[in-house]
Amino acid sequence: MRTKIATIEVTYELRDGLHVFYSTDLPGLLVANRDPKTAYNDVSSAIELLLKLDDGITVTVAPAASFEEFRRQLKAPRIAESGMLETQSRTFVLQTA
């Protein structure tokens, strides 16, 4: 059987001291923690569990970038043309057998 690879865009926001990750690609995904590394590291397993419970699909998920790279990108936030701070999106890679 051939391995399939897909991606899910995950959005990051800092809300009231919580590091929040969610995705419009995967309704129901919501990971939040006061510790950014814990929240970031929990996203992959949350995606795996959500797909298993909702769709019966077994996948292996990994972030496309390390936590350290994620932190570096947060230190250089992007400003939209409107002058507003852009919400940070991250890609998580899914592999299915």
Side-chain angles (χ1 to χ4, degrees):
M1 188 181 287
R2 213 173 81 165
T3 299
K4 296 180 183 179
I5 297 176
T7 60
I8 290 182
E9 285 292 318
V10 175
T11 303
Y12 166 78
E13 293 180 3
L14 181 60
R15 294 186 197 165
D16 299 323
L18 289 173
H19 299 273
V20 179
F21 294 86
Y22 62 93
S23 177
T24 57
D25 290 348
L26 186 59
L29 178 67
L30 178 64
V31 175
N33 197 295
R34 293 203 181 278
D35 177 62
K37 188 170 187 175
T38 298
Y40 187 81
N41 290 336
D42 285 348
V43 171
S44 294
S45 59
I47 292 171
E48 291 171 355
L49 183 60
L50 191 58
L51 288 173
K52 180 71 172 176
L53 293 175
D54 286 354
D55 301 317
I57 300 170
T58 301
V59 296
T60 302
V61 179
S66 68
F67 176 73
E68 290 73 25
E69 178 62 25
F70 165 72
R71 292 289 284 190
R72 277 194 296 279
Q73 291 174 0
L74 286 180
K75 291 181 181 179
R78 295 175 294 206
I79 306 297
E81 288 181 21
S82 66
M84 299 292 291
L85 181 65
E86 285 188 0
T87 300
Q88 301 285 319
S89 291
R90 296 291 167 263
T91 301
F92 284 73
V93 179
L94 287 69
Q95 291 186 329
T96 63

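Relative orientation of the Phe70 and Tyr12 rings is perpendicular, given thresholds of 30° and 60° on the angle between their planes.
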Enumerate donor-acceptor pairs with a distance under 3.5 Å from any side-chain N or O in residues 43-52 to protein atoms, sequence neighbours excluded.
{"from": "Ser45", "atom 1": "OG", "to": "Asp42", "atom 2": "O", "distance (Å)": "3.2"}
{"from": "Glu48", "atom 1": "OE2", "to": "Val61", "atom 2": "N", "distance (Å)": "2.8"}
{"from": "Lys52", "atom 1": "NZ", "to": "Thr58", "atom 2": "OG1", "distance (Å)": "3.1"}

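Phe21 and Ala39 make their closest contact through CE1-CB, 3.7 Å (heavy atoms, listed as atom of the first residue, atom of the second, distance). In plain terms, the two heavy atoms of Arg71 and Pro36 that are nearest each other are NH1-CG, 3.4 Å.
With respect to Glu69 and Arg72, a salt bridge is recorded, a charged nitrogen being found less than 4.0 Å from a carboxylate O.
Each salt bridge (Lys or Arg N to Asp or Glu O under 4.0 Å) pair with one or both residues in residues 14-36, not counting sequence neighbours, appears once here: Glu13-Arg15.
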(request) Would you please test Val31 and Asn33 for side-chain contact (heavy atoms from CB on, under 4.5 Å) and show each step? (result) CA-CA 7 Å; Val31 175; Asn33 197 295; 5.9 Å; no

